[in-house]
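Each remark here refers to the structure printed beneath this line.
The sequence lines fix the lettering, A, B, ..., with proteins before strands; numbering per chain opens at 1. Here the structure is a predicted model, which means the values were calculated and not measured.
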Protein chains: 4
Amino acid sequence: MPPPAALTKFLSARSDDSHAKRERRKEARPGELLAAALDLFVEKGFAATRSEEVAARAGVSKGTLFLYFPSKEELFKAVVRENISGRFQEWNDEFESFEGDSAEMLRYCLKVWWDRLGAGKASGITKLVISEARNFPDIAAFYQQEVIGPGKDLIRRMLQRGIDRGEFHVADLDYAIYSLIAPMIFLIMMKHSLGACAPQGFQLEPERYIAAQIETLLHGFCKRPGDDRAVGAPA
Amino acid sequence: MPPPAALTKFLSARSDDSHAKRERRKEARPGELLAAALDLFVEKGFAATRSEEVAARAGVSKGTLFLYFPSKEELFKAVVRENISGRFQEWNDEFESFEGDSAEMLRYCLKVWWDRLGAGKASGITKLVISEARNFPDIAAFYQQEVIGPGKDLIRRMLQRGIDRGEFHVADLDYAIYSLIAPMIFLIMMKHSLGACAPQGFQLEPERYIAAQIETLLHGFCKRPGDDRAVGAPA
Amino acid sequence: MPPPAALTKFLSARSDDSHAKRERRKEARPGELLAAALDLFVEKGFAATRSEEVAARAGVSKGTLFLYFPSKEELFKAVVRENISGRFQEWNDEFESFEGDSAEMLRYCLKVWWDRLGAGKASGITKLVISEARNFPDIAAFYQQEVIGPGKDLIRRMLQRGIDRGEFHVADLDYAIYSLIAPMIFLIMMKHSLGACAPQGFQLEPERYIAAQIETLLHGFCKRPGDDRAVGAPA
Amino acid sequence: MPPPAALTKFLSARSDDSHAKRERRKEARPGELLAAALDLFVEKGFAATRSEEVAARAGVSKGTLFLYFPSKEELFKAVVRENISGRFQEWNDEFESFEGDSAEMLRYCLKVWWDRLGAGKASGITKLVISEARNFPDIAAFYQQEVIGPGKDLIRRMLQRGIDRGEFHVADLDYAIYSLIAPMIFLIMMKHSLGACAPQGFQLEPERYIAAQIETLLHGFCKRPGDDRAVGAPA
DNA sequence: TATGAATGAGCCTTCATTCAT
DNA sequence: GATGAATGAAGGCTCATTCAT
């Protein structure tokens, strides 16, 4: 009956749904706060997000926020933890079962990444972590291990598959993975920073951007003997 | 009777480097403030850098800072002009006078970019702008115009040169430039955020990173008929 | 085991004036702040009144002031509304229901104006606005609309009433209203500036001043045929 | 040869004009500063006038201002002293030699007052003194004695003349003078405060204002038997 | 549990005044 | 005398956090 602390309730959430509305709301509090915080952190960053606004958006009072999270920084960490969990698994699975050639696989994976992660709010978390990592070393380390590590592993396996099938040529595998990571991170950063300010035509068109990057990555800029690809505008 | 002060002053006027300390300091002030501001902006970001600390690091009082720069934002713009904007000219010049083939040019330019901008503190400014653009639209606009615009122009001209000389093949020129921009921005972001936290071998080795990106960009991952490049580890 | 807090709270809810101090203070805050602000604004003017001092005089901290009033200027406007604007209604009502002749009405209204507004601290606000209007155009505009407009309307209606009843003669109604306004404003200015410094007999006696102005305004300086008013000193 | 202090030079100004341009400028410094200060004090009041701006308008450096006037407050006092001296004499003389009837005299005097004092910058000093008297009791006292006293005397003599000639009827002479003073002060205050903000039709037209006040003061609002003045709009 | 009034350290910016030259 | 760089005490306002209820 008496749970030792608020966080216990948060961690054990969603056990059963037998309580009345009010009770259920109580159970949902941390989640609502986390959702509100996610929105605002993505929108404004850590420093510029006001605690009061998070509480307001979650429909509770300022004091309640501090009841569940002892400080703004802890709230931040909780948001990161909540939002960057095991989405790699499904991505991994999809990779494992892919049957086409490796170029097609790369095209497919980037598209899926954009549709499921990049285009959504989750990418704002990545932008936020990269932006504020220096002021939150804990989170940086956590993110490094939880997201960057698995991500790099997956990408490395994709390139390795191409090499193994005799489709890809990669000189320095460990660093070649950044040829895929960098364009994705760049797209995310733009979407959530300069791109959010730039008025009209300065905004990147994600699909076109991804298509262009893929083609460069696959074939490179250099023409070679017998190369008769046409030069032209985007599709 | 003491000799009249006016006469003394007249006789000693401007002979050598008299009115020493004060005058010399005065001339140096803006530079000292700019240097201090660069350090702190890079270290803590724009919002988290306090005017007073900039002044203190430059060895002057709070008020003195505002004697030279009317606001924190103008100080920041001055830092940008001092450390980035002004360098495009020389970079442009180098591009114009380059005589080798276009692949070599790309290799050379990326190396020069790293040595002169990326490796130094100036790159921290780029990281900062991308991180905080959304909260400081004026700064974002300024940077867009002052740095990103010229940068994109230069890169577009480099690719265009390759196309014109029949060396490069580029399907979508406007977006192909991001194939060069993204790896640079990514390197900068890592250096100043997660990379600054990662302890040991997690840090990117910039030269190796750049070499790997260039090779991918030039030749792509895909093998093509007659492609007999060796597969191997980094140099 | 302690009795559940929730039950205790429920049983003792809202019975008497429990949750005493804090609640009662909360309700009183705006009033206390307004009173403190009125004092200080009248005493020192707008620019010279420090927010912190207002808060201190109201017995709260700096931050609390801004909890109730978003800026010093809004605080000032609230003071105006509290002390002046709102009173025109009752003054208007009194005018509407007055039944005597118009000369009597003027005498009555000026007396009432002095007793209710002029003699009190509120008149210091008028002095302040006139003194600082030029440096605070927002305040000037606000006051113009909120106080001067209604004031002029009321006075115009008073003169119009006299004309309509065949009691008054007014050549230029729009400017005749200043014949009433000017003496009131002058009295206020004196009371809160030079008069506040003048030591003894230099201070204006308000009642006598008002009586003298009224008589001049009603009858003028000029004798006319059949005028047998006595010439003499004040009562 | 060595004058003890800067103020000596100021006080003894204009002895001979045998010096070169530069010298003469030096002699003129205090006057230029005073003129600049007058402009700015009238325009912005005491608190809002920045020392540096006064110096700049006088064409000297900030330091020089403090060479002649030990503080902003002393500068303020000097401005008041400089600008409110014996203009009463000529006004007095004109009164003494006036030959028309007393109503005409009042009309004439108010017109002259406006043309020579009210319309010019000098009236800004009066506004300023009344506005800031409370913060500068010295100046208030000085002004009381130097300006208000003589002014009241002159006006009292004007009314007395009307009484003596059987043209005026005045019940309370000591306070009747305010019937003339109040409209003038009010006009000045409006001109330099609210009137300076009000956009178009809210501005007082001085001549019309003065004409209207005079008529009220001479004849009053009340009709009396045999009074057949027309009621109407302004001329 | 939940509230929201209250706090107070902190931040950017201003400006009268000083003083080395 | 003249300069103007430098100072530092304020001042308006913000906001994370506390705590009585």
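We find that CD of B:Glu74 is positioned 10 Å from P of E:dT13, with the value rounded to whole Å. Separating the CZ atom of B:Phe136 from the C1' atom of E:dC12 is a distance of 12 Å, rounded to the nearest angstrom. Atom CD in A:Glu73 sits about 14 Å away from atom C1' in F:dT17, given to the nearest Å. As a whole-Å value, the separation of B:Leu75 CG from E:dC11 P is 16 Å. At whole-Å resolution of the value, NZ in D:Lys44 and P in E:dC15 are 9 Å apart. Atom CZ of A:Arg50 is separated from atom C1' of E:dC11 by 16 Å (rounded to the nearest Å). Rounded to whole Å, atom C1' of E:dA6 lies 13 Å from atom CD of C:Glu32. In this entry the distance linking CD of D:Glu52 with P of F:dT3 reads 13 Å, nearest Å.
Comparing C:Ser71 and A:Phe46 by the nucleotide of DNA chain F whose heavy atom lies nearest to each, the residue mapping closer to the 5' end is C:Ser71.
Not a single salt bridge (Lys or Arg N to Asp or Glu O under 4.0 Å) links B:Lys72 to another residue, sequence neighbours left out. Not counting sequence neighbours, A:Glu73 has no partner by the salt bridge (Lys or Arg N to Asp or Glu O under 4.0 Å) test. Among residues two or more places apart in sequence or in another chain, the salt bridge (Lys or Arg N to Asp or Glu O under 4.0 Å) test is passed with A:Asp138 by A:Lys77.
Within the 4.5 Å cutoff, the side chain of A:Leu34 has heavy atoms near those of the A:Leu75 side chain. At least one side-chain heavy atom of B:Leu128 sits less than 4.5 Å from a side-chain heavy atom of B:Phe76. In this structure the side chain of B:Tyr68 never reaches within 4.5 angstrom of the side chain of B:Glu32, judged on heavy atoms. Looking at B:Ile125 and B:Tyr143, their side chains come closer than 4.5 Å, going by heavy atoms from C-beta outward. Contact annotation: the side chain of C:Thr64 approaches that of C:Ser61 to within less than 4.5 Å [non-hydrogen atoms, C-beta and beyond].
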Read 5' to 3' with Watson-Crick or G-U pairs under 3.5 Å, [ ] for crossing pairs and | for partners on another strand, DNA chain F gives .||||||||||||||||||||

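Proximity note for A:Lys72 (side chain, C-beta onward) versus F:dT14, F:dA16, F:dG11: the nearest is F:dA16. Distances from the side chain of A:Tyr68 to the nucleotides E:dA16, E:dA2, E:dT13 place E:dA2 closest. Listed nucleotides: F:dG11, E:dT17, F:dT14. Nearest to the side chain of D:Ser51: E:dT17.
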Between protein and nucleotides 7-9 of chain F, what N or O pairs are separated by less than 3.5 Å?
unit_1	atom_1	unit_2	atom_2	d
F:dT7	OP2	B:Ser61	N	2.7
F:dT7	OP2	B:Ser61	OG	3.1
F:dT7	OP2	B:Thr64	OG1	2.7
F:dT7	O5'	B:Ser61	OG	3.4

Please list every donor-acceptor pair under 3.5 Å in which a side-chain atom of residues 36-50 of chain D meets a protein atom from a residue at least two apart or in another chain.
unit_1	atom_1	unit_2	atom_2	d
D:Asp39	OD1	D:Lys121	NZ	2.8
D:Lys44	NZ	D:Glu53	OE1	3.2
D:Thr49	OG1	D:Leu40	O	3.1
D:Thr49	OG1	D:Gly45	O	2.6

